[in-house]
Amino acid sequence: MEVKDVANNISEVLFTEEQLYARLDELAAEIDAEYEGKEPPVLVGILRGSVPVTYELAKRLKTNVRFDWVAISSYQDSMTSTGKFLIEKDITLNLQGKNVIVVDDIYDTGDTLLWMKGRIKDAGATNVDLFALLEKPEVHKHSFKPKYVGFEVPNKFVVGFGLDFRQQYRHLRAICVLSPHVYEQ
Ligand code: 5GP
Ligand code: MG
């Protein structure tokens, strides 16, 4: 889906598909350099928002990663975070002794990535790095910094490239600010 297809509901284009791909080229090169000569990491994508970024990142890697996916839901299904999660689909690979990169679409409060890092450590991973395509520095509740970050964004509700509003807009090619009239109605 293109921006023009939903132009009435978009107030700003933050990153075009080309800009996102160019940044993913750089991040993939960093990961390849990090893992050169080492056992390839396991990418754990957080469903559903990280599907496009996990796939587009992995396509660009030379290192032969494995994938796993987890689905979690925040206790409160809204546009904010509570810090408590329910597991809807758990990890299936054995992560004992593995290097893992957790991939998410956006680091907002940080509750999701912090909680996932703990769970993956509990699953026996040797090392857990965090990858967030976007981060909203104004909203962070924690002081950790993911090892890999695509872009910083302002504290506005964004959609596209995996990020949804009520399960829509995930397939929008660009990352855009959703017009407030869409969720204020
Ligand atoms: P955190 O746990 O860091 O507060 O939030 C992370 C999750 O909140 C993301 O995986 C995403 O699902 C959701 N989220 C946070 N900010 C936004 C946003 O601007 N747009 C969308 N679509 N989801 C967001
Ligand atoms: Mg999410």
Side-chain angles (χ1 to χ4, degrees), residues 1 3 5-6 8-17 19-20 23-24 27 43-58 67-91 100-121 128-185:
M1 191 164 75
V3 172
D5 300 318
V6 282
N8 291 342
N9 295 339
I10 296 303
S11 57
E12 199 183 335
V13 178
L14 294 180
F15 307 106
T16 63
E17 190 173 39
Q19 289 172 313
L20 294 164
R23 184 71 185 116
L24 288 171
L27 291 165
L43 298 187
V44 174
I46 303 178
L47 296 171
R48 285 161 268 195
S50 80
V51 171
V53 60
T54 305
Y55 173 64
E56 291 296 340
L57 172 71
F67 295 86
D68 209 342
W69 303 94
V70 286
I72 57 178
S73 61
S74 178
Y75 270 94
Q76 165 194 329
D77 181 27
S78 72
M79 289 161 65
T80 55
S81 173
T82 57
K84 295 189 202 137
F85 297 93
L86 285 171
I87 296 175
E88 293 174 350
K89 185 233 166 278
D90 210 346
I91 302 153
V100 175
I101 302 176
V102 177
V103 183
D104 205 3
D105 47 11
I106 187 165
Y107 170 10
D108 189 44
T109 64
D111 286 343
T112 304
L113 283 169
L114 196 65
W115 190 83
M116 275 311 307
K117 184 168 183 166
R119 265 201 71 83
I120 289 172
K121 281 216 165 128
V128 187
D129 286 330
L130 301 175
F131 182 112
L133 177 64
L134 305 178
E135 72 163 319
K136 283 184 185 167
E138 292 165 52
V139 190
H140 296 344
K141 278 168 43 184
H142 310 280
S143 59
F144 74 88
K145 178 95 186 153
K147 183 160 185 173
Y148 308 102
V149 173
F151 294 103
E152 290 188 357
V153 293
N155 186 16
K156 292 177 178 173
F157 193 77
V158 298
V159 293
F161 210 75
L163 290 141
D164 73 309
F165 175 64
R166 297 191 178 152
Q167 302 307 328
Q168 294 184 303
Y169 302 93
R170 290 195 196 275
H171 57 309
L172 179 59
R173 290 173 184 264
I175 288 183
C176 301
V177 177
L178 193 65
S179 291
H181 77 79
V182 178
Y183 49 84
E184 281 169 1
Q185 64 203 359

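Throughout, numbering of the chain's residues begins at 1 and tracks the sequence. Both counts, for ligands and for their atoms, begin at 1 and track the order of listing.
Of the polar atoms of Phe85, none of the N or O atoms is found under 3.5 Å from an N or O of ligand 1, judged by distance alone. For ligand 1, the polar-atom distance check against Phe157 finds no nitrogen or oxygen pair separated by under 3.5 Å.
A distance of 6.0 Å or more separates the ring centres of Phe161 and Phe15.
Heavy-atom distances between Gly110 and ligand 1 reach below 4.0 Å in at least one pair. Note on ligand 1: Lys141 sits outside its first shell, no heavy atom being nearer than 4.0 Å.
Nearest-residue assignment for atom 5 (O) of ligand 1 (options Asp105, Ile46, Asp108; heavy-atom criterion): Asp108.
Short contacts between ligand 1 and Thr109, defined as distances under 4.0 Å to a heavy atom of the residue, involve ligand atoms 1 (P), 2 (O), 3 (O), 4 (O). Residue-ligand proximity, Asp164 to ligand 1, at heavy-atom distances under 4.0 Å covers atoms 21 (C), 22 (N). Counting the atoms of ligand 1 from 1 in the order shown, those under 4.0 Å from a heavy atom of Lys136 are 16 (N), 17 (C), 18 (C), 19 (O).
Side-chain contact between Phe131 and Asp104 is absent, with no heavy atoms from C-beta onward closer than 4.5 Å. Looking at Leu172 and Val159, their side chains come closer than 4.5 Å, going by heavy atoms from C-beta outward. Between Leu178 and Lys156 there is no side-chain heavy-atom pair separated by less than 4.5 Å. In this structure, Ile120 and Val102 have side chains that are in contact, with non-hydrogen atoms separated by less than 4.5 Å.
Taking all atoms of both residues into account, the shortest heavy-atom contact from Val3 to Cys176 is CG2-SG, 3.8 Å.
Neither side chain, Asp108 nor His140, offers a donor N or O lying under 3.5 Å from an acceptor on the other.
Within the 4.0 Å heavy-atom criterion, the part of Lys156 lying near ligand 1 is the backbone and not the side chain. With a 4.0 Å cut-off on non-hydrogen atoms, Asp104 touches ligand 1 through its side chain and not its backbone.
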